[in-house]
Amino acid sequence: MKTTGRVSGIISNIVIVKADGPVGQNEICYVYTGDTKMMAEVIKVMGDAAYVQVFDSTRGLKIGDRVEFEGHMLEATLAPGLLSRNYDGLQNDLEKMDGLFIARGSITDPLDFEAQWEFKPLAQAGDKVSAASWLGEVKEQWLTHKIMVPFAMSGTYTVKSVAAAGSYKVTDTIAVVTDAEGRDHNITMVQKWPVKQAVRCYAEKPRPARVMETGVRAIDTFNPMAEGGTGFIPGPFGAGKTVLQHAISKQADADVIIMVACGERANEVVEIFKEFPELVDPRTGHKLMERTIIICNTSNMPVAAREASVYTGMTIGEYYRAMGLKVLVMADSTSRWAQALREMSNRLEELPGQDAFPMDLSAIISNFYSRAGLVKLNNGETGSVTFLGTVSPAGGNLKEPVTESTKKAARCFYALSQGRADSKRYPAIDPLDSYSKYLEYPEISEYLDEHIGKGWVEKVYAGKTIVQRGKEANDQINILGDDGVPVEYHERFWKSELIDFVILQQDAFDDIDANCPIERQKMMYEMVLDICRKEFPFADFEECSQFFKGLINLFRQMNYSQWQSEKFNDYKKQIEQYVLAKTE
Amino acid sequence: MTTRAFQKIYTKIDNITKATVTLRASGVGNDELATVGGKLAQVVKIMGENVTLQVFAGTEGIATDSEVIFHGEPPKLKVSDNLAGRFFNAYGEPLEGGEAVEGEAREIGGPTVNPFKRLQPSELIATGIAGIDLNNTIVTGQKIPFFADPDQPYNAVMANVALRAKADKIILGGMGLTNDDFLYFKSVFENAGALDRIVSFVNTTENPPVERLLVPDMALTAAEYFAVDKGEKVLVLLTDMTLYADALAIVSNRMDQIPSKDSMPGSLYSDLAKIYEKAVQLPNGGSITIIAVTTLSGGDITHAIPDNTGYITEGQLFLRNDSDTGKVIVDPFRSLSRLKQLVIGKKTREDHPQVMNACVRLYADAANAKTKLENGFDLSDYDERTLKFAHDYSEKLLAIDVNIDITRMLDTAWELFAEYFSREEVAIKEELIKKYWKA
């Protein structure tokens with residue numbers, strides 16, 4: 001028997017419901033107004049009054065309107081066929097909706113229940129299995145999609161039967177398992193999982209030990225992201241957050257990419273809709289859209305669903321991780337999610353924390369970031385969810401609650417600076433403020449030694465020191481004037497400019513420069529570092545700046561040339577001669 | 001408003017605050033309109049039997065026995081082609097008398113366009129102002145505000161932009177417009193003979209501030225009618241969004257909500273986004289483009305209103321007084337149109353992106369030279385030339401009184417390059433230099 005209730009109060013999208021039975025925190029219910037059925041979530045219970053947030057507009061809702069409680073929390077539907085889809089924050093398929101406008105109460109299936117999948121069994125009768133054990137697999141696009149024991153099934157089971165290889169619908173039974181008490185459970189390809197709970201069906205969660213390539217030099221070379229790691233990108237508007245996120249989503253070395261457009265501009269999502277089906281992933285030769293899932297809750301869509309969208313994205317990420325895949329989840333922007341929390345907390349008349357955000361903001365954010373990670377599955381395979389969020393700090397001030405709370409939770413910090421954006425130094429990742437904690441991990445250090453070159457981390461720190469010293473020298477030059485400082489100061493400054501222009505800056509709109517593979521990064525960085533270690537006999541500061549300007553120009557031409565092409569090697573030779581001529 | 005037979009009339013109000021009244025009533029819907037003592041009001045909160053109404057014009061003179069009549073529906077606008085050429089108040093009633101417009105009544109503040117059904121904006125809007133067309137090209141379906149100090153002529157610039165943009169309809173949403181500015185808009189549109197393609201919803205400083213909250217939704221409901229139903233290119237002008245946000249703050253304050261940054265309600269971002277996100281390029285060829293004004297106090301863009309706006313809109317245009325030429329210019333450094341990449345060099349001449357960047361770079365060099373000069377350092381010959389270039393660039397291209405087409409702007413830029421610089425100093429792709437350099 002479902003609990004039902006009647007609306008007894010309305011404050012914007014918070015509705016107070018008098019319930020006639022048991023109600024759970026975060027339980028889902030449907031509010032009926034006229035013929036429309038709107039989804040809502042319980043966020044507070046006081047006696048028999050349940051406070052629910054409605055994921056839609058409450059316009060026209062009346063006291064006494066009917067409410068039905070569903071007895072479960074907000075769930076994601078997980079099955080083959082999620083890839084390439086465009087969902088709203090509640091996993092309604094946007095593509096299936098009729099009409100130009102999203103009508104109130106639009107609910108569409110997240111899956112195609114009619115599609116047939118070629119199933120191949122992996123388990124056999126008699127196998128001992130538990131939640132997330134692989135029973136079989138189907139081909140989803142070009143990925144091998146494992147069909148698992150549902151995450152929600154606790155305890156161990158014995159496989160009674162597995163369907164033979166063949167074509168099945170997602171709702172067909174593909175296995176029967178028996179529990180300890182001897183009861184049989186039919187398993188289909190579909191399972192549901194409450195989005196706000198982390199999926200924990202794995203053996204262990206080791207420290208990340210591999211680097212996830214993004215093709216962005218300022219990240220890969222200077223502050224690498226670990227596979228299964230967490231990072232965030234704060235920056236004022238106009239600093240290039242979205243361009244950077246899009247670049248990473250196109251180039252990152254991951255099997256599945258989940259883009260959560262959380263409270264941002266619709267036209268930016270339209271760009272993904274338009275580009276991704278056409279762009280090709282250079283690693284696999286497949287279209288980018290084939291590995292991408294978009295969760296889209298733009299700024300004008302209901303606020304409560306905005307909060308849900310990041311959880312929906314993360315849950316789908318954890319689902320693919322359990323198949324032993326590399327998943328990258330990106331959310332743009334987590335500040336909008338925090339603002340959605342603030343709007344709710346405000347309407348509930350909770351005592352506010354800083355800037356009127358809820359007191360537990362910090363805990364909510366770190367709890368969410370902790371769901372990312374590299375995991376060792378029960379069968380010994382590994383899978384990972386790497387999470388990268390953007391933050392839109394109010395007024396560009398990094399001392400605000402969302403940035404500060406995120407800084408505590410995320411391991412990589414890619415600060416976009418207004419100053420760099422103003423002088424068109426893109427990506428505007430500040431080389432001194434930004435950091436990657438993973439550089440300090442011995443595991444990562446070993447990985448880099450092995451995959452890039454011995455002593456790589458020291459080289460990275462050496463480059464950072466050059467940039468730091470260059471900045472200090474530049475400050476002196478600005479105070480004392482070009483002539484007021486020794487020539488070495490200029491040399492120091494220009495060496496940091498060399499790193500900045502050649503390594504840190506990158507043209508996201510150039511076909512070649514946009515994506516820089518790691519071996520190319522290694523070569524360029526070592527070339528630049530070699531030059532920075534040389535001492536040049538400059539007579540005066542003008543000679544110094546002339547020399548470096550010419551050098552930077554040659555390097556940039558090289559960045560724009562096809563890797564190892566004739567032109568590329570020609571520029572390389574030119575650079576070597578140019579430097580040699582000056583040192584002799 | 002006429003009373004209909006089934007409407008229940010209440011005559012006992014329990015609580016009255018500056019902006020709200022509370023009474024016991026039943027069968028009332030959320031967001032529904034009502035008349036309280038002859039003034040229009042809207043339901044903002046229902047707690048059991050207690051219904052709280054926000055009275056748009058303020059509660060002055062309302063008594064506990066004033067008549068309250070519920071309308072049974074949220075605010076609506078009657079839409080038809082007859083809206084064109086008319087001036088309305090915030091409630092959609094004709095100003096200066098005149099007959100009410102008949103047509104289909106549509107709820108204002110309606111649902112969102114499915115992002116999946118949108119098209120990518122791709123059509124350029126030419127304004128004749130080089131600070132916009134050359135450096136910050138605007139595209140149909142875009143939303144972009146002017147960030148301006150109150151003393152700058154933003155309304156005049158906006159009126160110019162509106163008239164030159166080849167829009168099928170121009171919808172003016174005036175919030176807290178002074179009566180003088182309202183009359184200015186009216187006469188500019190009249191003199192241009194453009195009245196028949198203009199619809200105005202105006203709340204002047206003489207009207208109660210809370211009424212302003214209806215203006216953007218009214219204007220955009222009309223815009224959606226012309227864009228969605230008629231496939232027209234609609235340009236919506238919203239001035240001044242800062243005053244709109246101020247009205248939001250007043251209401252939230254009177255509803256005892258906890259303020260967040262700069263005393264603004266915590267929902268400011270969502271409130272503004274609901275308006276700006278109505279900008280859209282539709283598959284039927286229709287579009288809604290929003291050009292707004294956000295006035296700043298002392299140029300401070302970190303204040304919550306411009307800050308939230310900047311995160312929502314697709315760029316922003318800054319006006320600045322240029323002391324070298326004595327003209328108002330569109331600031332090339334701080335202004336940005338995020339959608340210009342979709343059209344420049346594609347819908348305009350091939351050299352557009354490079355010329356644009358070269359101009360701004362040289363202008364930046366001039367700014368550095370100026371700093372040098374101010375700090376008492378010597379100027380090089382190059383510095384001197386950049387300063388001369390900056391003066392001409394500002395006067396012939398950036399000034400808002402310039403009105404030429406984009407090809408002419410590009411030619412002007414090439415003329416300036418040739419006058420002050422060598423080909424190497426301009427640093428544009430070799431093939432473009434060969435083709436366009438003015439010897």
Where does [X] contact chain A at under 4.5 Å (heavy atoms): side chain, backbone, both or neither?
X	value
B:Leu119	backbone
B:Leu272	neither
B:Val43	neither
B:Gln281	neither
B:Glu49	neither
B:Ser26	neither

Any donor-acceptor pair under 3.5 Å from B:Asn114 side chain to A:Gly99 backbone: no
Expected output: side-chain A:Arg265 to main-chain B:Ile312 donor-acceptor under 3.5 Å: yes
Residue among B:Pro265, B:Pro306, B:Gly48 with most heavy-atom pairs under 4.5 Å to chain A: B:Gly48
Test side chain to side chain donor-acceptor pair (under 3.5 Å) applied to A:Arg306 and B:Ser270, step by step: CA-CA 11 Å; A:Arg306 193 194 292 168; B:Ser270 305; 3.1 Å; yes
Cation-pi check, A:Arg336 onto B:Tyr311 ring (under 6.0 Å, within 45° of axis): yes
Sidechain N-carboxylate O distance under 4.0 Å for A:Glu400, B:Lys261: no
Heavy-atom proximity to chain B below 4.5 Å, by part of A:Ser12: backbone
